Amino acid sequence: MEKNNPSRRKFIADSSKTVLGITLAATATASWLDSRAGELRLPTNPFTGFTQDPLPYAYNSLEKAIDATTMEIHYTKHAAGYATNVQDAAKAEGVDTSKPLEEVLAKVSKYTMKMRNNAGGHFNHELFWKSLSPTGSGKPSGKLLTAIESSFNSFDSFKTQFSDAGKNRFGSGWAWLFIDGDKKLRIGSTPNQDNPLMDISEIKGFPVLGLDVWEHAYYLRYQNKRPDYITAWWSVVNWDFIQNRFASQP
Ligand code: MN
């Protein structure tokens, strides 16, 4: 068994020191979020850096849901701005940018509003780009599908509840599918660029899937019709990536 394997335990312990600089419990039952203690423990993988990763597809490849101009402005202006500003904030506030951004989010209350807005904005968009694909399968499978069906009765019911979270978010923000401290899948939303990893968030947990409902994400094609954007967005969700992310939580 994993926890009786000294070399693996040593590897995990060493990795946690050298790669993450934080202490992780090296047991098979380790949880990144101990709800009883209210203590956040970060997953070893994946984690987010402070710079933008390349967009994994062309601007015009999601046309069936999101137009190329929106994608280009969203990635090169809005999201790029969050990345630049979070690096500025990190420099001003003494944050080591070789460490995971998730560490900042977990204690974001200790930093400025500039850090909160831009660390959240950068994290949320890095997750958002990877969550989309020109060849979305339309539906998850395997353990994620089973978990969604058990938590929300059916995949269609999940889609309705998640869509409602996005439609009903007043002003700008995000809809989330996340894993809470009891390892249950939940749906919620956050204002502005907040997310469930933040210590100040009303909903707390590990974000699996996030939907950007800021007007900058859809206004050119959909204008005021946010529900139409959300309906189309489902057709480009990268369920392979989301399933791997779901499986990556310790
Ligand atoms: Mn956005």
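Everything numeric in this text was worked out from a predicted model, so none of it was measured. In listed order, ligands and their atoms are each counted from 1.
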- Please answer: with hydrophobic residues joined when any side-chain heavy atoms are less than 4.5 Å apart, are F123 and Y75 in the same cluster? yes
- Query: Using a cut-off of 2.8 Å, how many protein N, O or S atoms lie below it in distance from the Mn ion (ligand 1)?
  - Reply: 4
- If you take all heavy atoms of F178 and K204, which pair is closest and at what distance? CE1-O, 3.5 Å
- Message: So that I can tick it off, tell me whether R221 and E63 are bridged by a salt bridge, with the cut-off set at under 4.0 angstrom between side-chain N and carboxylate O.
- Response: yes
- Task: Please step through ring pair (Phe, Tyr, Trp, His ring centres under 6.0 Å) for the pair H74 and H125, ending with a clear verdict.
- Result: CA-CA 9 Å; H74 199 176; H125 287 85; 5.0 Å; yes
- Message: Within the 3.5 Å criterion, strictly below it, is a donor on S189 or W174 matched to an acceptor on the partner's side chain?
- Response: no
- Polar contact flag, side-chain donor to acceptor under 3.5 angstrom, Y218-R226: yes
